[in-house]
Asker: 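Structure incoming, see below.
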Amino acid sequence: MTATETTGFPRFPRGFFFGAATASYQIEGAFDEGGRGPSIWDTYCREPGRVADGATGDVACDHYHRYREDVALLRDLGVDSYRFSIAWPRVQPRGSGKANAEGLDFYDRLVDELLASGIAPAATLYHWDLPQALEDRGGWRVRETAERFAEYTRLVVDRLGDRVPRWITLNEPFCSAFVGYAIGRHAPGAREGRGALAAAHHLLVGHGLAVRALREAGATDVGITLNPDRLLPATQSPADLAAVRRAETLHNDVWLDPLFAGRYPRNEADTWGEMADGSYREEGDLELIGAPLDFVGINYYRPITIAAAPHQEEDPAARTAVDIRVRETWREDVRHTTMGWPVVPHTFTDLLVDLKGRYPELPPVVITENGSAEDDTVAEDGQVHDADRVDYLRDHLHALAAAIEAGVDVRGYYVWSLMDNFEWAFGYAKRFGIVRVDYDTLQRLPKDSYRWYRDLLTDHRQAHA
Ligand code: IFM
């Protein structure tokens, strides 16, 4: 069978690894246990109207107490690796100073449990849960946060570096900077212009400093996770094409250019004008940010179709926000997941091939997230028959295999997510898991997609036996 046939399992090269991913605030719960301090998400969730149904991560999936059961699910699934994130406020409750031993103890136990189950831990150092105390001092708008991030990284790698083989500095800094500081749909909920651009830069500086700390501790498999988008114009009109170029700057070039091309994005003045004054940059930052990586993590879910939109000059908030005058349009021709995201698998291949063409220095790729939120229900037989998710995963894995055949060096794939969890501003309304979580009883129930993924992994092993 070739990788482009979409029936049956796609084929991956020998040595290709498979995993499942989660993130601390989305699953752990235990928000006030073990000396954990408040994060920006604890604060944001308590602000009325921010999160659907007033949901919080206070309990989430209670993974903090049930991690053994979750590792057993991973073991039965047969994954090679588990990608989780470390909650900075568990390690440094106020974002600076000495480590909170109890916080590190939790990750120590988790890592040992994974290793005992034959699963390689992959730790993300920052998946959006900034200690609130640091936000109170300016958050990612200020360079000090990048320096604190390096300090925190050192504490974590000193404790876990002997057993965690793979490290990811940041998850989707696009969301931290722009969804958090420009459009306010994520914590801390700010709507700013220059503040968001400064946050983007300081996240990259924090990444560079963290890489340095990890290298000093001897880490040899280090990367960053980005969510570059496949941006398509709604029409071929000059206005829509210009809107796509602005969106490219924001979604892609801000991150990829400094990391893999040694430059700041070329279109930033056209996109933001004076707001992008660069005053937050210092000499040497580009060298720091562009230090070689062992892999780049890519999270991919859907393409975005872009049309030009007028400046919202009547909205005072929009005037100060990072306003790129674009809007996403709905596609009539394809299925959408419950996130409202269009399912167009070949765009996954296109994105990866295009990235490789545009960034010759791109390191090997690891897909650190891919999956879909679907309308799951428990059937009369007590099972979740999530056929739409199985189709989504199968078609995207075929698209990934096609990118590899086309010459992109992809080393592994993590499904998002191991289990249903707190989907940020959507609360618990969106289910991405291959394991269902009953939020009343906290019981876990593997879905059909879990069994499909397990069979894929078995097939992969047999093919290379
Ligand atoms: O749940 C999120 C995750 O935290 C980051 N990447 C996208 C996922 C789905 O929205």
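All ligand and atom numbering here is 1-based and tracks the order in the structure. These numbers were taken from a predicted model, which means no experiment stands behind them.
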Asker: Checking the side chain of Thr337 only, and the main-chain atoms of Met339 only, is there a donor and an acceptor separated by less than 3.5 Å?
Answerer: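 A pair under 3.5 Å: yes.
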
Asker: Are the aromatic ring centres of Tyr25 and Phe31 under 6.0 angstrom apart?
Answerer: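 Not close enough - the centres of the two rings lie 6.0 Å or further apart.
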
Asker: Do His63 and Phe84 make a side-chain contact, defined as non-hydrogen atoms from C-beta onward lying under 4.5 Å apart?
Answerer: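 The answer is no, as the side chains (C-beta and beyond) never meet within the 4.5 Å cut-off.
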
Asker: Find out whether the Lys NZ or Arg CZ of Arg166 is both under 6.0 angstrom from the six-membered ring centre of Phe17 and within 45° of the ring's axis.
Answerer: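 Relative to the ring axis of Phe17, which defines the angle, Arg166 lies inside both limits.
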
Asker: Can you list the steps and then say if Ile86 with Thr124 is a side-chain contact (heavy atoms from CB on, under 4.5 Å)?
Answerer: CA-CA 6 Å; Ile86 294 177; Thr124 304; over 6 Å; no

Asker: Aromatic contact between Trp452 and Phe9, with the criterion being ring centroids under 6.0 Å apart: yes or no?
Answerer: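 Aromatic pair counts; centres sit under 6.0 Å.
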
Asker: Output the set of protein residues with a heavy-atom contact under 4.0 Å to ligand 1, ordered first by chain identifier and then by residue number.
Answerer: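 Within 4.0 Å of ligand 1, the protein residues are Gln26, His127, Trp128, Asn171, Glu172, Tyr301, Trp341, Glu369, Trp416, Glu423, Trp424, Phe432.
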
